[in-house]
Every structure is written in structure tokens, then in C-alpha cells.
Amino acid sequence: MTKLIELEWRKLEQKKVIGEVMIYWVILMFLPVFFLKVVMADLAFTDFEESYSSAMELMPAIQMGFVLFGASMINHVFIEEYKNKTMSLSFGYPISRKKLVMAKVWFIFLAVFLCTLISFVLSGITTYVFDLFIDVIHGLPTLADIISFTVKSIVHSAVVSVISFVPLFLFGIWKRAVIPTVICSVFLMQFPNFAGLLHIPLNTNMLYAVLGLIGLVSVYLSIAKVNQVGDI
């Protein structure tokens, strides 16, 4: 399985993917400071305590942007290979199709997880450094804040990785359509914001759990049904 995952990395247009990831990192690492300094101040969030514990509440929603990176990976690893007929060549190897799909899924999961986790770290460091100069957050981060941020970073990176699989089966393997895959991912990462604008009462953790469950179902169907839909 490890060799198959490594093979997926070698098959990618690595410079293109690395460039894309760096754009995500640069944008997302400055968003927490932007929200704290500009958006929150302009909207006069009176119930928002400008503390590090409050600032950390912004991080998970911001890092949902990597769901869109997951869509990009689905395009590179699945859709492009189907369209270029390289998937048919892979299915000719003396390895089961299910194992090949599983290796691709693990590759996408690890890529999204690691990139999201690094983004959390970069965002945390950037927020702290900027706060030293613009003093937008009251006080200093406590040990409890750092531990909480570390745990949330790891857990939410895994959650984002799983949610990114929601469009995999329907749009990635069955329909093999890039635009619907991207649109679905954009909707997923913005859904909590849509609900807030519409004043829909929403438990964010429950929403992430439901979306994660749908992502797992999508992965299961992708692996279980590859023999039926793989040649369409």
C-alpha cells in the first residue's frame, strides 16, 4: 500500500500541486488576523471576546478552505486519470481495483491532512506574530490555549480531509466531472457561513460530523462499487 501511495505522488504534476498548496497557505495564514482586525471590528461583534481562546474559534472555519484542495486532488488523482485513460492502464495491473482506489483515497487523505495541519500551524504563528505588533488580541496565549489549539488542529485537519471526499463517488468516479466536484466542495466549505447568514440555528460540530459521515460513505461506495462504475 505504501508503494502505491508513493506512486500516486510520483504521477502528479508536483510543481503545479505544490504551487497550489502554497497559495492556500499564504491566503489562509493571514485570514485570522484579517477577521480579527477588520471584519470583527467593523461589524462590532460585542459578544466576541478578543482573546486567544476566542481567536482559535475562527481557525476551523477558515481551514475548511482545504476542502477545495481536496476537490483538486480528486481531479488530479481520479478524474484526469479516467479522462486520460491511464486509469484503465492501472486497472490492468495484477492488483485489485479496490486496492488501487484505496491507495488513491489514502493518498488524498494524507495530502489534505498534512497540508491542513501545516496551515493551522502557519495561521497560529502568523496570528501570534502580528498580534505582537497590532495588539488585536488581549493577553498572551496560555498553555491551555496552546494545547487546545494543537488538539483542534489535528482533529479538524482529519475532519477536513474526510469531508473533502463527499464529492468523490458521485462526481469523481461515477460522473467524472470537474466543475460539479469543485462546486460541491465550495458549497461544503461555505455551508456554515450560509447557515449563519440565513440565521439557521446550527451546531457546527454536529454539521462537521454529518458531513464527515457522508464523506466516509462516499469513500465506501467508491471502493465497493469501483468494479461496477470503473469502466463506464
Side-chain angles (χ1 to χ4, degrees), residues 14-73 109-164 182 185-199 202-205 207-208 211-212:
Q14 297 177 8
K15 291 183 179 180
K16 180 179 179 179
V17 173
I18 292 173
E20 180 181 350
V21 171
M22 292 183 70
I23 291 173
Y24 279 102
W25 284 341
V26 170
I27 294 174
L28 298 184
M29 69 191 292
F30 292 109
L31 275 184
V33 176
F34 173 77
F35 271 94
L36 289 169
K37 186 64 177 178
V38 180
V39 178
M40 296 301 181
D42 288 348
L43 295 179
F45 273 46
T46 56
D47 59 341
F48 185 85
E49 297 180 3
E50 293 178 335
S51 64
Y52 273 93
S53 59
S54 298
M56 285 189 295
E57 297 301 319
L58 294 172
M59 296 291 186
I62 289 173
Q63 302 306 330
M64 280 291 286
F66 271 92
V67 171
L68 189 57
F69 175 62
S72 176
M73 294 302 294
F109 176 87
L110 291 172
V112 177
F113 175 80
L114 291 175
C115 290
T116 307
L117 186 60
I118 292 172
S119 184
F120 264 106
V121 174
L122 293 175
S123 297
I125 293 174
T126 303
T127 302
Y128 174 73
V129 171
F130 267 76
D131 182 55
L132 295 177
F133 295 97
I134 62 178
D135 193 27
V136 68
I137 305 174
H138 298 159
L140 294 172
T142 64
L143 178 60
D145 290 332
I146 296 173
I147 294 174
S148 176
F149 179 74
T150 301
V151 173
K152 284 185 177 181
S153 298
I154 295 172
V155 172
H156 198 73
S157 295
V159 170
V160 169
S161 303
V162 174
I163 291 176
S164 68
V182 172
S185 296
V186 171
F187 174 80
L188 290 171
M189 73 181 196
Q190 292 294 338
F191 184 70
N193 298 328
F194 293 151
L197 291 173
L198 296 174
H199 303 290
L202 190 67
N203 185 313
T204 305
N205 291 332
L207 172 64
Y208 290 153
L211 293 179

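FYI, the numbering just counts along the sequence from 1. When reading the values below, keep in mind they use all heavy atoms of this one structure, side chains included, and skip hydrogens, waters and symmetry mates.
- Between Gly212 and Val162, the shortest heavy-atom distance links the atoms O-CG1, 3.1 Å.
- The CG atom of Leu117 sits 10.0 Å away from atom CG of Leu122, with the distance rounded to the nearest 0.5 Å.
- Separating the CG atom in Leu68 from the CE atom in Met189 is a distance of 5.0 Å, to the nearest 0.5 Å.
- Listed for the Ser164 side chain is a donor-acceptor partner under 3.5 Å among the backbone atoms of Ser161.
- Side-chain contact between Pro32 and Ile62 is present, with at least one heavy-atom pair separated by less than 4.5 Å.
- A distance of 10.0 Å separates OG1 in Thr204 from CE in Met64, rounded to the nearest 0.5 Å.
- The shortest heavy-atom contact between Gly124 and Phe149 is CA-CZ, 4.0 Å.
- Ring-plane geometry between Phe113 and Phe109 is classed as parallel, the angle between the planes falling under 30 degrees on a 0 to 90 degree scale with a further cut at 60.
- Nearest heavy atoms, Val112 versus Gly70: CG2-CA, 3.8 Å.
- With rounding to the nearest 0.5 Å, the separation of CG in Leu114 from CZ in Phe66 is 10.5 Å.
- Of all non-hydrogen atoms in Tyr208 and Ala61, the two that sit nearest each other are OH-CA, 4.0 Å.
- Of all non-hydrogen atoms in Leu140 and Asp145, the two that sit nearest each other are O-OD2, 4.3 Å.
- Among all heavy-atom pairs drawn from Met73 and Val17, the shortest one is SD-CG1, 4.2 Å.
- With rounding to the nearest 0.5 angstrom, the CH2 atom of Trp25 is 11.0 Å from the CG atom of Leu28.
- Atom-to-atom distance recorded for Ile18:CD1 and Cys115:SG is 9.5 Å, nearest 0.5 angstrom.
- Residues Phe69 and Val160 have side chains not in contact (no heavy-atom distance under 4.5 Å, counting atoms from C-beta outward).
- Using modelled atom types, one finds a donor on one side chain and an acceptor on the other under 3.5 Å when comparing Ser119 with Gln63.
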